[in-house]
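Naming convention: chains lettered A, B, ... in sequence-line order (proteins, then strands); numbering from 1 in each chain.
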Amino acid sequence: MSFLSVKNLTLRLRDNRAPLLRDVSLEVSAGEVHGLVGESGAGKSMIGKAVLGILPRAVEIAGGEIWLDGVDLLALPPAARRKRVGGLAALIPQDPLTALNPSRRIGPQITDRLVDILGWKRAEAEARALDLLGEVQINDPARVMRQYPHELSGGMRQRILIASAFAAEPKLIVADEPTTALDVTVQKQILRLIAGMQARHGTALLFVTHDLGVVSKVCQSLSVLYAGRILEQSTVRDFFAAPSHPYSAALLGATPKYTDPEGSLTPVPEAIIARLRAEIAAYDEAHHG
Amino acid sequence: MADLTDGRGAVKRRIGTRLWLAGGWLTLLLLAAVFAPLVAPQDPLAQDLFLTRLPPFWEKGAEAGYWLGTDSLGRDVLSRVIYGARLALVVALVAGSITCIIGSALGLMAGFLRGWVDLVISRLIDIWMAFPPVLFSILLIAVIGPGLHSIILAIVIIDWTRFARVVRAEAMAQGAMDYVASAQVAGRGRIGTMLREILPNVLPTIVVLLTLEMGIAVIVEAILSFVNLSISTDDPTWGGMIAEGRASVYQAWWVLVFPLITLFLTVLAFSQLGEGLKDRFDPVLR
Amino acid sequence: MFWQKLIARIGTTAVTLIGVAVIVFVVIRVVPGNPVAMMLPPGATEADVARLTALYGLDKSIPAQFLIWVQGVLHGDFGTSITTRQPVLDLVLGRLPATLELSIMALVMAVAIGGTAALTGTRLRGTKAEGAIDVANGMALSVPDFLWGLALILLFGVLMPVFHISGRVTPSLELPFTTGFYLFESLFRLRFDLWADIVSHMLMPALALAIPLAAIIGQLLKQSLKETMHLDYVTLSRTKGYGENHVITREALPNAILPTLTLVGVQFTFLIGGTVIVERLFSYEGLGNMAIDAVINRDLPLIQGIVILFAVIFTAVNLVVDLLYTVLNPRLRHG
Ligand SMILES: Nc1ncnc2c1ncn2[C@@H]1O[C@H](COP(=O)(O)OP(=O)(O)OP(=O)(O)O)[C@@H](O)[C@H]1O
Ligand SMILES: [Mg+2]
């Protein structure tokens with residue numbers, strides 16, 4: 001049994017019922033790193049948000065199941081669901097500049113979940129936070145715990161958010177493009193840090209990214225999304241050896257080498273896009289009645 | 001996104017009805033004021049000591065022709081409310097407009113010309129903000145003496161800062177924008193730029209403020225008549241009626257209630273008109 | 001940096017206060033008619049009038065009078081009331097507690113009502129209840145304290161007479177107080193009977209003052225709460241397992257409060273200004289009521305003292321709010 005198992009998840013806009021995710025299924029086993037790739041607007045973040053229960057108000061779940069550690073989250077009442085997710089999963093957000101509360105000190109922002117939701121003693125939680133800040137290579141963690149977010153750099157803040165995500169030893173972490181908001185020079189460090197932490201703690205990771213190069217380094221398996229549909233799911237090894245969907249193949253051709261991030265992109269051919277659009281339209285036709 | 005647009009539509013619709021209601025009430029009031037001699041059932045000044053404190057028409061003991069009852073001197077409440085609208089509306093329109101012109105001009109100069117002009121005007125605004133406005137107006141009326149002109153003058157003297165503060169801030173914001181610089185590059189003088197480029201852009205704000213100010217002027221007039229400093233005590237004013245009604249509220253509640261409701265609706269109408277206009281003008285909401 | 005700012009602030013405050021003093025001084029000395037003549041019994045001689053006029057310094061030029069007045073003020077002497085012949089300072093300070101208590105009670109009510117409205121509105125966003133709160137806010141905002149006062153008199157003084165609508169305390173009660181702060185002192189002395197009577201007198205005027213401010217707080221706070229609710233740190237806190245109530249009050253509220261706070265400062269001075277007419281309306285024995293009497297009686301030294309005191313309160317409130325803003329905003333505190 002996979003640790004996270006999303007089954008036939010369909011999301012749509014509340015008012016005009018336009019689908020955002022169409023029948024999405026994916027499995028992530030314990031300790032596995034699963035990449036979610038696809039162009040902007042494909043619905044990558046929506047999958048992560050659905051799992052964590054933070055979908056925007058305008059979006060509703062039209063069908064499907066989300067099993068986390070053997071329990072269908074969507075069948076739980078909201079409060080129980082929040083508690084369960086809070087104990088088992090965590091988020092590493094995209095933009096470290098906006099993901100820390102500017103009016104609260106760093107320390108409590110790391111320890112609050114441990115104390116309030118998981119019932120740790122404050123001293124234990126603080127010791128844990130200090131350990132983790134050390135693990136994410138923050139100098140003088142005790143001082144940083146007392147500081148406010150605006151006193152820290154973007155890279156430091158992302159390290160803190162990583163530490164905070166790992167604080168409760170979650171079994172699953174959703175990392176939504178955790179490096180895109182950072183300097184190119186810092187990106188690699190943070191990526192390496194996440195990969196290292198993941199390996200040490202044995203946490204499953206749902207890794208949202210645009211960058212197939214990153215996927216090849218960090219992930220074991222991946223899903224390729226287009227317009228809320230999963231086009232291809234496989235292990236990273238098989239995917240990079242021989243992608244099965246022409247869209248993936250085109251993406252792979254378009255991906256700049258990891259060593260040469262500025263390399264030129266060849267766009268996905270028109271013909272493939274047109275075929276995908278037709279498929280999606282046919283799907284919608286079939287499912288709307 | 002979508003439920004947002006939906007909600008916005010609802011707000012818009014509500015604003016539409018509110019604008020109509022507000023405009024309708026003010027029009028009605030204006031007509032009543034203009035045609036007061038035709039509309040009012042009684043002479044608002046006529047006292048009748050045999051008909052004092054008559055209740056409104058639906059109560060026992062009411063007298064035909066005195067729809068909303070009479071006060072302690074036997075004067076018809078409805079007629080006095082109608083005649084009171086005259087003073088209220090004159091004050092609203094005249095005092096509101098003069099205040100608007102003076103306050104906006106000062107604010108515009110301070111915000112766009114900056115320098116010592118701004119320094120002086122800002123200091124004055126600070127000083128004005130340190131006065132309790134009601135006390136200031138009562139003091140002014142006590143000094144200049146009662147009467148219509150005094151009320152208007154007092155309102156202008158007290159409330160110009162309402163316009164000056166907002167218009168100054170707006171003019172400063174506008175002055176920082178690119179189009180102003182390009183207008184000046186194109187050879188327009190400072191005053192020319194101010195009047196041709198800045199003024200049209202702050203005009204919507206000014207119009208909204210003017211509407212709100214009219215409501216405020218009506219209140220100030222009522223407060224001054226309430227304190228018995230407005231115009232001669234015989235003349236019907238809403239504030240004067242309220243003062244009398246407050247004193248005899250246990251014996252004749254209607255003397256207080258009807259002018260109060262009228263005042264309430266009028267103030268509400270002016271402010272809803274202002275809010276409605278604000279939403280019309282505001283490009284973000286549109 | 002901080003000290004420089006503080007000194008600059010005190011400088012402008014001083015200029016403002018001097019400006020207020022000059023304006024009042026000039027305005028009330030334009031008064032036609034000799035106030036002294038009014039206070040003498042009929043049949044007083046010209047000489048009597050002249051003697052009293054000289055006593056109050058009213059025979060000198062306005063600048064000279066101003067200088068004398070300033071000299072007095074610097075020695076804590078604000079002159080003598082013409083009507084009561086008591087020192088202005090004593091009179092004014094005697095009434096100040098009543099007005100302060102009323103204003104503070106109104107402020108507390110406004111924050112409580114407005115805060116509740118904003119939080120409830122945010123909690124129920126997207127529902128009909130939110131729309132209802134918005135409409136109520138809009139109404140409350142457009143109608144000034146004077147009219148709310150009258151409406152409350154009608155509703156709770158006449159229609160359902162549950163509260164007192166006149167005075168500060170029932171006149172027949174024995175008051176053991178040594179300070180003017182009845183509300184606080186009655187609590188302090190554990191005289192809850194007196195406290196209840198005082199509250200019952202204050203509730204309606206305080207509510208009249210509170211309603212417009214509550215509406216402003218409600219509107220502004222709700223707007224900034226709604227903006228804050230979209231931010232990433234709020235979402236992050238949801239993933240930790242926190243519910244809506246916690247997210248609103250602990251994560252969003254502290255950040256949403258700041259923009260409201262600056263505005264509440266100015267609005268609180270408006271509220272204090274509003275006590276003048278509201279006290280009159282409810283025959284509440286505070287500064288404002290005294291001020292109107294002073295104007296009607298042309299008691300120049302008293303008017304002057306009261307206006308200056310109001311100005312001092314206003315500028316002090318603004319100063320406190322500025323300091324509070326600095327303290328509450330970590331970015332300014334450390335920046
Ligand atoms: N708050 C929202 N309300 C309504 N629709 C939304 C909202 N956020 C995103 N969407 C829509 O949902 C779809 C999927 O968005 P999602 O954020 O999952 O894309 P993504 O794959 O993460 O893209 P990106 O790489 O740009 O982050 C998009 O079509 C987007 O327009
Ligand atoms: Mg995304």
C/Asn289 side chain vs C/Tyr284 backbone, donor-acceptor pair below 3.5 Å: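 Yes, because the side chain of C/Asn289 sits within donor-acceptor range (under 3.5 Å) of the backbone of C/Tyr284.
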Pairs of heavy atoms under 4.5 Å with chain C: top-ranked of B/Leu135, B/Leu124, B/Val257, B/Val267: B/Leu135
When B/Ile242, B/Val249, B/Leu260 are compared by non-hydrogen pairs under 4.5 Å with chain C, the top option: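 Going by pairs under 4.5 Å, I would pick B/Leu260.
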Pick whichever of [options] has the most heavy-atom pairs under 4.5 Å with chain B.
options                               : value
C/Thr269, C/Leu141, C/Ile18, C/Ile165 : C/Ile165
C/Leu17, C/Ile303, C/Ile23, C/Thr315  : C/Ile23
C/Thr16, C/Val312, C/Val15, C/Val307  : C/Thr16

Counting only non-hydrogen atoms closer than 4.5 Å, does [X] touch chain B with its backbone (N, CA, C, O), its side chain (CB onward), both, or neither?
X        : result
C/Leu154 : side chain
C/Val317 : neither
C/Phe146 : side chain

Residue of the set C/Ile272, C/Ile277, C/Thr275 for which side chain to side chain contact (heavy atoms under 4.5 Å, CB included) holds with C/Leu209: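 Among the candidates, only C/Thr275 passes.
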Plane angle bin for B/Phe136 and B/Phe131 - parallel if under 30°, tilted between 30 and 60°, otherwise perpendicular: parallel
Atom group of B/Leu212 that falls short of 4.5 Å from chain C, counting heavy atoms: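 No part of B/Leu212 comes within 4.5 Å of chain C.
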B/Trp238 vs B/Phe264, ring-ring contact (aromatic ring centres under 6.0 Å, His included): CA-CA, chis, key distance, verdict: CA-CA 11 Å; B/Trp238 295 343; B/Phe264 229 93; over 10 Å; no
